[in-house]
2 protein chains.
Amino acid sequence: MSSAQPNTRTRILQSTLELLEASGGKSVRMSDIARHAGISRQALYLHFTKRSELLIAATHYLDEMKESDQRLLPSREAVSGAERLNVYIEAWGNYIPEIYGVAKALIAMGDNDREANEAWEKRMLDMRQGCLAAISALADDDQLTVEFSIDQATDILWTMLSVRNWEQFTLQCGWSQSEYVKRMQSLASQLFVRK
Amino acid sequence: MSSAQPNTRTRILQSTLELLEASGGKSVRMSDIARHAGISRQALYLHFTKRSELLIAATHYLDEMKESDQRLLPSREAVSGAERLNVYIEAWGNYIPEIYGVAKALIAMGDNDREANEAWEKRMLDMRQGCLAAISALADDDQLTVEFSIDQATDILWTMLSVRNWEQFTLQCGWSQSEYVKRMQSLASQLFVRK
DNA sequence: ACTTTGCTTGACACGATGTCAATTGACAAA
DNA sequence: TTTGTCAATTGACATCGTGTCAAGCAAAGT
C-alpha cells in the first residue's frame, strides 16, 4: 500500500521527525530538514508557512503513525481503578521517549512563538484528561487516598508524568526506561491508592 | 554604605534581573538590558563577552543578594530528619519564585549554549546535594521508607522540587505559593517518612 | 600636559527565519 | 501541438538578534 514515493509533504514530515529524534531535541534548522528531505529550503515554505506550523504538523503526523489515541485509551481489561492507573502510566510512560524529540523542539519554540506554545499546552491538557480519568476511576472504586481531592491528585499525577520529569529521571538520573515506568507506577500507587 | 551610583557592572546585573523577573522568563534582549541600564548595547560587551556569561553572572549576583547559601543551609533547629526535610522544602520552595526569571532564561539558553547548560546543570547538582542531605538525615533517623534507596529517594525529591514542576503547579495548575510549599511537604512526607 | 579608563557612535559580519520573483520541467487537456 | 497548471528550483533580499571592530570623546589620575 504505502508507496515507494510518498508525497513531498509526507517526506518533509518524516524527515522532520527523524532529525528531531536523532538529535535528541537539539535545534534542527529548516535547511537541515530540507536537505534531508531532498528538496530546496524554499520548498518547505510551500507546504508550511512557518517553522512552528511544521513542528505542530509533525506532532500530529507522529500521533497518526503511532496511533497514540488507541494506545492511551483506558484499557478495557483494567478491572480496578488501581490497575487502570498502572496501565495508563505504562502506556503514557512508554509513549514519551517516542515523542521526546518533537516535544522538546515544540516546547523550545513555545517560548517565542504563541502558536507553538498553544499547541503544546493543548496537548498537555489532553494528557491531563487521561490523568483525570485514571484518578476518577480510582475515586469511583473508593480507592483514592483521603489526602487529595480529585483535582489535586490529577495535578500531581499530571506533573509527575511530564516530559520534563521523564527527561530528568532518565537522562539526568540515569534510570532505564523500564525502571522509570516501574517506579512511576510505584510512586503513584503509594500516593494515590488507599491500602 | 551602598552608593547612589553603583558601578556599571552592578547596574547591568540589576537591570538584567529586573527585566527577567518582570517578563517572567520571556526572552529579554541584550539591547533591552542596555537601555534599562542606561548604557549603550556595546558597553554590555565590555563587561560580559556573551549573553550566556551575563546570565550566569546574574544568577551568581542573585545568590549573593539573597544570601541563598545561608537560606538553604540545613536549619540547626531541625531536630528530626522529617522536620529537616520540611525545612528544606520550605526554604528551597520559597526560593524558586525569586530565581524563576533568570532560571528560565538560563535553561532556555542551555539548549544552544554549552556554557549556559553546564552552569545550570551545576546549579541543579548543588541543589541535589541539599536533597541528598535531607534524605540522608531521614535515613540516619531510621525514618526513610523502605521502598527507596537513598539515591532513588534523592532522585525523586530532586525532580519533584524542580523549577519546571514549580512552574507547572503554580502557573498551570494555579496553586498559590503557600499551597505549593504545603503540598510538596505533604507529598514528600507521604513518600519518604516512615510512619 | 599626558595617559588611561570607561563609555559612545556607527558600521559590519553572521546565522536563521521568512519573503519574493522569475524560471523550469512534467504532465494533462484542448 | 499548443496551452495551461502544478510543484519545485534558483537566487536575491529583508529582518532580527548576537557578537565584533575601529575611532573618538570626556573625565580622572599622575
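Remember, it's a predicted structure, so these values are computed and weren't measured experimentally. Sequence lines set the chain letters: A, B, ... in the order given, protein chains first and strands last, and positions in each chain run from 1.
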How close or far is atom C1' of dT9(D) from atom CZ of R35(A), stated in whole angstroms?
-> 16 Å
Whole Å only: how far is the CG atom of N7(A) from the C1' atom of dA26(C)?
-> 17 Å
Test side-chain contact (heavy atoms from CB on, under 4.5 Å) applied to A105(B) - qualifying residues, sequence neighbours left out = L20(B), L55(B)
Charged N to carboxylate O below 4.0 Å: is that the case for D63(A) and R123(A)?
-> yes
Give a yes or no on whether a salt bridge exists between E118(B) and K122(B), defined as a side-chain N under 4.0 angstrom from a carboxylate O.
-> no
Could you check if a side-chain atom of Q172(A) sits within less than 4.5 angstrom of a side-chain atom of W158(B), using non-hydrogen atoms only?
-> yes
Could you tell me which residues satisfy salt bridge (charged side-chain N to carboxylate O under 4.0 Å, His left out) with R164(B), sequence neighbours excluded, listed by chain and number?
-> E167(B)
Please identify each residue that fulfils salt bridge (charged side-chain N to carboxylate O under 4.0 Å, His left out) with K66(A), with sequence neighbours left out.
-> E98(A)
Which residues, if any, of residues 109-120 of chain B bring a heavy atom under 4.0 Å of DNA chain C?
-> none
Identify, with sequence neighbours excluded, every residue that meets side chain to side chain donor-acceptor pair (under 3.5 Å) alongside S31(A).
-> none
Within residues 39-58 of chain B: residues closer than 4.0 Å to DNA chain D (heavy atoms) = R41(B), Q42(B), Y45(B), T49(B), K50(B), R51(B)
Q42(A), CD: over 12 other non-hydrogen atoms inside 6.0 angstrom = yes
